[in-house]
Every structure is written in structure tokens, then in C-alpha cells.
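All residue numbers refer to positions in the sequence shown, counting from 1.
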Amino acid sequence: GDAAFAGQGVVYETMGMSELPDYTTKGTVHIVANNQIGFTTDPRYSRSSPYCTDVGRVVNAPIFHVNADDPEAVMLIANIAAEWRATWHRDVVIDLVGYRKFGHNEIDEPMFTQPIMYSIIKKHPNVLEIYSNKLIKEGVATKEEVEGVVDKYDRICEEAFKKAAEETQIFNKHWLDSPWSGFFEGKDPLKVADTGVHEETLTHIGRRFAQGPPNAPDFKIHRAMERILKARNEMVDNRQIDWAMAEAFAFGSLLKEGVHVRLSGQDVERGTFSHRHHVLHHQTRDKSTYKPLANLYPDQAPYSVCNSSLSEYGVLGFELGYSMTNPNALVLWEGQFGDFANTAQCIIDQFIASGQSKWVRQSGLVMLLPHGMEGMGPEHSSARPERFLQMCSDDPDVMPPQDAEFAVHQLSDINMIVANCSTPGNYYHILKRQIALPFRKPLIVMTPKSLLRHPECRSSFDEVTPGTEFQRMILDKGTASANPASISKVLFCTGKVYYDLIKERRERGLEDKIAIHTIEQISPFPFDIMKNVADQYCNAKLCWVQEEHKNM
């Protein structure tokens with residue numbers, strides 16, 4: 001619409017992506033249904049520019065203003081726009097200037113606010129009448145032929161309406177786009193594929209991740225980057241995994257299996273906290289870069305890691321669309337800080353949280369949101385996990401029936417998954433699980449900041465080899481777990497605060513008196529594991545611990 005095209009900031013964000021190498025569609029035809037009004041607001045109060053389409057000028061897109069009452073002119077412009085896009089691979093805008101017959105909807109009363117405009121519209125013949133009279137007058141068609149076409153279309157609509165009433169069930173597969181064909185067929189709907197990989201694969205990915213381009217001795221790497229690469233090699237030697245290595249193992253093993261991985265967001269190539277470094281830059285030669293994960297195997301799938309424009313709403317919407325196009329790709333969007341998701345809330349509320357129930361669309365999109373109360377000012381501490389949990393369809397007051405497939409049943413029924421992993425190994429598994437599932441669900445991960453380099457936040461290769469899997473809860477395996485019935489207090493937590501708690505417990509000498517368990521998958525909630533823990537620690541006081549404020 002004209003008011004939305006001029007007023008919504010996401011239009012500018014989307015236009016700004018049109019020429020970006022990792023976001024371009026090679027040209028988009030923007031069609032504006034210009035009703036010359038925004039609900040009840042006149043154009044002079046809804047925009048500062050002469051035309052509603054002036055935002056298109058920021059990318060030098062040709063803008064065609066065409067009278068919607070002239071179908072032949074509209075077709076001419078549509079063909080020119082399509083030809084422009086096909087020839088030059090650039091954006092083009094069509095301003096379809098028309099009007100609303102009945103106001104904002106069929107029962108609205110526009111005469112309240114635009115009496116002069118709508119007194120004219122009431123007398124104005126509609127486009128079918130105008131064009132029919134033109135064709136009859138020119139001798140192109142007879143009155144009977146025009147009426148025959150109208151009657152035929154009315155019958156098509158009436159038959160479709162009656163047929164719709166006969167449908168009693170909706171099948172998701174009937175609504176999914178063509179690349180999804182065959183995705184659901186022939187699969188066990190409750191079988192999750194193994195997410196572990198062999199140690200040889202881990203070692204190969206780790207070694208490649210820890211070096212610059214092979215056979216390129218003149219590729220000059222930053223001195224600090226050389227230390228980082230050396231530390232990665234040492235981790236492989238010690239069979240240890242930190243957060244960045246866990247992510248590289250997940251991406252690399254998926255790429256080896258032929259799964260396209262796309263990581264997008266602000267500064268994701270290096271990482272906000274300088275931990276990722278998926279793109280190495282030649283220090284003396286401009287535009288000379290090397291992506292280790294894109295060069296693991298000769299026959300691997302493509303790896304796309306893309307620094308985005310400083311946009312959240314537009315870019316998250318782009319990645320959501322990308323994820324819905326192909327279920328066999330791992331698509332991730334990372335916020336520079338977790339609270340940057342604030343300005344993409346429309347996408348989260350309207351399309352991610354309600355994607356399957358409202359739009360009959362599945363998506364395996366992953367949102368990585370750095371979260372933790374380490375400072376960085378009041379703005380950049382919390383990713384607001386409580387907001388995402390409020391939007392989850394998990395019912396906290398109902399204990400679901402437990403069976404052998406309880407965990408996967410929960411995942412199948414939930415609208416989106418919310419997690420806060422406390423170990424690199426578990427982060428690896430939850431990323432791999434997105435592709436291993438026989439269906440697709442959005443995943444929201446509260447990712448760490450200080451844990452990226454925390455000396456205790458390490459996993460062993462043994463935690464990601466075949467036979468291992470994502471742990472919805474990580475239970476205390478220390479002294480306190482030897483005799484659960486004798487423990488007086490059990491602490492449950494999630495994420496970074498776990499390391500603060502075990503440090504304090506160790507310093508106070510309470511390791512045999514207090515058990516600490518982490519909840520890794522917050523929604524859907526691991527009711528079954530929690531019940532077992534409560535039964536085992538039958539004499540303990542159960543406490544929830546969080547570093548966030550009480551109302552979060």
C-alpha cells in the first residue's frame with residue numbers, strides 16, 4: 001500500500017539489501033497498490049515526499065506511475081518492469097494509482113473522514129465497467145461476450161466456494177513450497193538422526209579451522225590471529241572444544257554431509273566478541289580473504305557467512321524466507337547482542353512464533369542471541385528470554401503424558417524451541433539436531449559472552465562422537481549425585497550462572513551437600529527429567545537460580 005511503502009522502515013531496510021552480494025535477489029519488482037490514502041489518513045499527513053514510492057530512489061530504481069483504471073497501460077508497465085528486471089537484475093517500482101471502493105474494508109465508512117473524495121468515488125464507474133465499455137465501443141468485443149466472461153468467472157468462484165466447504169482437514173504438505181516436496185515422505189516422523197560424528201572428521205575440521213589457506217605462504221595473517229589459530233590447533237591436540245570450535249564442528253560436519261549452512265547478521269564473520277573468525281583477511285592486500293569452513297572438502301556443500309547491513313527487521317525477515325525455501329539448509333541469524341532482536345520483534349511475533357499454526361509454514365531458522373549480565377551497559381545484557389518463553393506453546397500447568405518418544409513428541413508439538421546451552425558440546429548437538437529432526441522448528445539460543453573464553457567452559461571430543469546427543473538437562477555428576485536422598489538442597493539454573501554457582505560451591509566446600517543441574521532446553525520443558533530428579537532428591541529443597549532480575 002501507498003502509506004506502508006512510504007511509512008514502514010522495513011521498506012528502506014529491504015531496499016538497502018538490493019545490491020548487497022549476500023542478500024540481493026538480482027532485482028525485485030515492487031508493486032504498490034496506491035489507494036491515495038492510509039486507512040483514514042490523507043497523504044499530506046502520512047509522508048513528506050511528493051510520491052509514496054520515492055524511497056525507491058535511494059537505489060536509483062525506475063519508478064512507473066500508472067493509472068489502475070487503464071488495464072492495458074498496467075500490462076504495458078508490468079511487461080517493461082519484468083523486462084528491466086530480467087535484463088539489468090535491478091529493482092523496479094510500479095506505482096499502481098487507484099482507489100478503495102468501500103474504505104479500509106467492505107463495512108467501513110470512509111465518508112466520516114474523506115467525504116469529498118468518497119462522494120467522487122461513489123459516482124465513479126469501476127475498472128471492469130470502464131474497460132468493458134471501451135472494448136465494446138471499439139468493436140473488440142460484444143456486450144454478450146463481456147457478460148459471458150463475467151458469468152464464467154462468477155461460476156468459477158461459486159464452485160470453489162462450495163468445494164472449500166467440503167474440505168474437513170488441512171495437510172501441511174499441500175501448502176509447502178516445491179523444494180519441500182519429498183521432505184516428509186518416507187520418514188519416521190519421530191526418528192531423530194544421530195548428531196555425533198567420528199573423531200577423524202572432528203580432527204580434520206579442527207585442523208583446517210586452525211590454519212590459513214594451504215599453499216599460500218604469502219597470505220599475511222594478523223599476528224593476534226596467528227595466536228588464535230595456534231590455540232585452535234592445541235585444542236585439537238588435547239581433544240578439547242570451546243564455543244567457537246563447537247560451532248565450527250557443527251557447521252563443518254553438516255557441510256561434509258551436503259547441508260548448506262548460512263550464517264547471517266551484523267559482524268558475524270568475526271563475531272561481536274572476536275571469537276569466531278570464519279573469514280581471514282590478508283593484512284596487506286585489500287579484498288583478499290579466506291574462509292576455512294568453505295574449504296574443508298572438495299565435494300562439500302557451500303558455506304555462506306555474511307556480514308549484514310545494520311538492520312534486524314529486514315535481515316531476519318530475509319533469513320526466515322531463506323529457511324522456508326529449503327528445509328535441507330541450516331540458516332542462522334545472529335544478533336550483535338541479544339537485545340538487538342527488539343527491532344525485529346514483528347518478524348518474531350507474526351511469523352516465527354506463529355509460523356506453523358497461523359501460516360501453515362515450517363521453518364528451521366536458528367536465532368543466536370548473546371545473553372548474560374556481564375555488563376556492557378543496561379542495553380546489551382539481556383536477550384529477553386522471558387519474551388520468547390511467553391510466546392511458546394508449552395503449557396506450564398500440564399504434565400504431558402510420558403512415553404518412549406516423549407522428547408521428540410514435545411518437539412513435534414511445540415511452536416519454537418528456546419535453549420540456553422552451558423557447554424560447547426551441547427551447543428554443537430542442538431545445532432546439528434536442527435537438521436537431524438524429521439520436521440522443522442525455529443530454534444532460539446541464548447548464546448554466551450564471557451563463556452566464550454571461560455577456562456571451565458570446555459567439552460571433550462567424547463561428548464560429540466557417535467552415540468552422543470543433545471542433553472535437555474545436564475545433571476550433576478559430582479559428589480552430590482552419589483547419594484541423592486541425603487542431599488538437602490538442589491539448584492536448577494540455565495546458562496552462564498552455572499559456572500558462578502559451581503565456583504561458589506567449591507569455595508564453600510559444599511560439593512557433597514548441594515547438587516546443581518542445568519536446564520539446557522527451556523522450552524519445550526524437560527518435564528520427564530525434572531520429575532525423575534525430584535523423585536531421586538526426595539528430601540531436598542528444590543530451588544531455581546538465575547542471574548537475571550526477578551521479573552525476567
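Within the structure, the salt bridge (Lys or Arg N to Asp or Glu O under 4.0 Å) test picks out no pair touching residues 264-274 (sequence neighbours left out).
No donor-acceptor distance shorter than 3.5 angstrom exists from the side chain of Q362 to the backbone of Q356, with no hydrogens or angles considered. Listed for the N35 side chain is no donor-acceptor partner under 3.5 Å among the backbone atoms of I37. Of the possible polar contacts, one joining the D91 side chain to the T28 backbone as a donor-acceptor pair under 3.5 Å is found. No donor-acceptor distance shorter than 3.5 angstrom exists from the side chain of R85 to the backbone of V29, with no hydrogens or angles considered. For the pair K187 (side chain) and F183 (backbone), a donor-acceptor distance under 3.5 Å is present. Put simply, the side chain of E129 never gets that close to the backbone of P125: no donor and acceptor are under 3.5 Å apart. For the pair S412 (side chain) and V408 (backbone), a donor-acceptor distance under 3.5 Å is absent. Looking only at distances, no side-chain donor or acceptor of R90 sits under 3.5 Å from a matching main-chain atom of S18. In this structure, the side chain of R276 does not engage the main chain of H278 through any donor-acceptor pair within 3.5 Å. A donor-acceptor contact shorter than 3.5 Å is absent between the side chain of Y303 and the backbone of G252.
When every heavy atom of D69 is checked against every heavy atom of P71, the shortest pair comes out as O-CD, 3.3 Å. Residues L411 and K441 share a closest heavy-atom pair of O-CE, 3.2 Å. M17 approaches S309 most closely through the heavy-atom pair CG-OG, 4.4 Å. Across all their heavy atoms, A341 and I348 have their closest contact at O-CD1, 3.9 Å. In terms of heavy-atom proximity, F209 sits nearest to H277 at CE1-O, 4.4 Å. Residue W180 comes nearest to N326 through the heavy atom pair NE1-N, 4.2 Å, listed as atom of the first residue, atom of the second, then distance.
Considering only residues two or more places apart in sequence or on other chains, R262 meets the side-chain hydrogen bond (donor to acceptor under 3.5 Å, both in side chains) condition with E319. Residues passing the side-chain contact (heavy atoms from CB on, under 4.5 Å) test with F351 are L320, I347, W359, sequence neighbours excluded. R472 is linked by a side-chain hydrogen bond (donor to acceptor under 3.5 Å, both in side chains) to D528, counting only residues two or more places apart in sequence or in another chain.
Between H260 atom NE2 and I435 atom CD1 the span is 11.0 Å, to the nearest 0.5 Å. Note: H429 NE2 to D194 CG = 8.0 Å, rounded to the nearest 0.5 Å. The CG atom of D2 sits 8.0 Å away from atom CG of D95, with the distance rounded to the nearest 0.5 Å. To the nearest 0.5 Å, the span separating CG on N420 from OG1 on T447 amounts to 8.5 Å. To the nearest 0.5 Å, atoms CG (D349) and CZ (F388) are separated by 9.0 Å. Going from atom OG of S304 over to atom CG of L330 covers 11.5 Å, rounded to the nearest 0.5 Å.
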Without placing hydrogens or testing angles, list every side-chain donor-acceptor pair under 3.5 Å for residues 5-13, not counting sequence neighbours.
from	atom 1	to	atom 2	distance (Å)
E13	OE1	S311	OG	2.4
E13	OE1	G314	N	2.8

Give every donor-acceptor pair under 3.5 Å between a side-chain atom in residues 149-160 and any protein atom, sequence neighbours left out.
none

Give the C-alpha distance, both sets of side-chain angles, the deciding distance and a yes or no for side-chain hydrogen bond (donor to acceptor under 3.5 Å, both in side chains) between R433 and Q521.
CA-CA 12 Å; R433 191 181 69 174; Q521 179 179 286; 2.8 Å; yes

Could you walk me through whether T201 and S253 pass the side-chain hydrogen bond (donor to acceptor under 3.5 Å, both in side chains) check?
CA-CA 7 Å; T201 302; S253 55; over 6 Å; no

Given the rule in the side-chain contact (heavy atoms from CB on, under 4.5 Å) test, do S523 and I414 qualify, once you have shown the distances and angles that lead to the verdict?
CA-CA 8 Å; S523 179; I414 201 72; 3.7 Å; yes

Given salt bridge (Lys or Arg N to Asp or Glu O under 4.0 Å), test E145 with K143 step by step and report yes or no.
CA-CA 6 Å; E145 286 173 331; K143 184 178 179 182; over 6 Å; no

Given Q266 and E312, is the side-chain hydrogen bond (donor to acceptor under 3.5 Å, both in side chains) satisfied, shown in steps?
CA-CA 9 Å; Q266 295 154 19; E312 292 84 31; 2.5 Å; yes

H409 and L190: side-chain contact (heavy atoms from CB on, under 4.5 Å), yes or no, with the steps?
CA-CA 7 Å; H409 269 301; L190 298 177; 3.6 Å; yes

Pair Y297-I205, side-chain contact (heavy atoms from CB on, under 4.5 Å): steps then yes or no
CA-CA 9 Å; Y297 300 95; I205 295 169; 4.2 Å; yes

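Side-chain contact between W333 and V315 is present, with at least one heavy-atom pair separated by less than 4.5 Å. Within the 4.5 Å cutoff, the side chain of T41 has no heavy atoms near those of the T113 side chain. Side-chain contact between I430 and C421: present, with at least one pair of heavy atoms (C-beta onward) separated by less than 4.5 Å. Taking 4.5 Å as the limit, some side-chain heavy atom of Q434 sits within range of a side-chain heavy atom of I417. Considering only heavy atoms from C-beta on, L431 comes within 4.5 Å of F251 through its side chain. Looking at heavy atoms from C-beta onward, Y428 lies in side-chain contact with V197 at the 4.5 angstrom threshold. Proximity of L369 to R384: side-chain heavy atoms (C-beta onward) are nowhere separated by under 4.5 Å. Between V97 and Q36 the shortest side-chain heavy-atom distance falls below 4.5 Å.
Within 6.0 Å of CD on E138 lie more than 12 heavy atoms contributed by other residues, nucleotides or ligands. Heavy-atom contacts from other residues, nucleotides or ligands closer than 6.0 Å to CE of M111 number more than 12. Within 6.0 Å of the NZ atom in K101, the count of heavy atoms belonging to other residues, nucleotides or ligands exceeds 12. In the displayed structure, K26 atom NZ is contacted under 6.0 Å by at most 12 heavy atoms of other residues, nucleotides or ligands. In this structure, Q300 places its CD atom where more than 12 heavy-atom neighbours from other residues, nucleotides or ligands lie under 6.0 Å away.
Between W88 and W84, the angle of the ring planes lies from 30° to 60°, which puts this pair in the tilted group. Using bins of under 30°, 30° to 60° and over 60° for the plane-to-plane angle, the ring pair Y99/H124 lands in the perpendicular bin. Ring geometry for F219 against Y290 counts as perpendicular: the plane angle is over 60°, on a 0 to 90° scale with 30° as the lower cut.
There is no side-chain donor-acceptor pair under 3.5 Å between S264 and S308.
Between Y118 and F102, a ring centre-to-centre spacing not shorter than 6.0 Å is recorded.
Of the options N34, V32, V74, a side chain to side chain contact (heavy atoms under 4.5 Å, CB included) to L96 is made by V74 and by none of the others.
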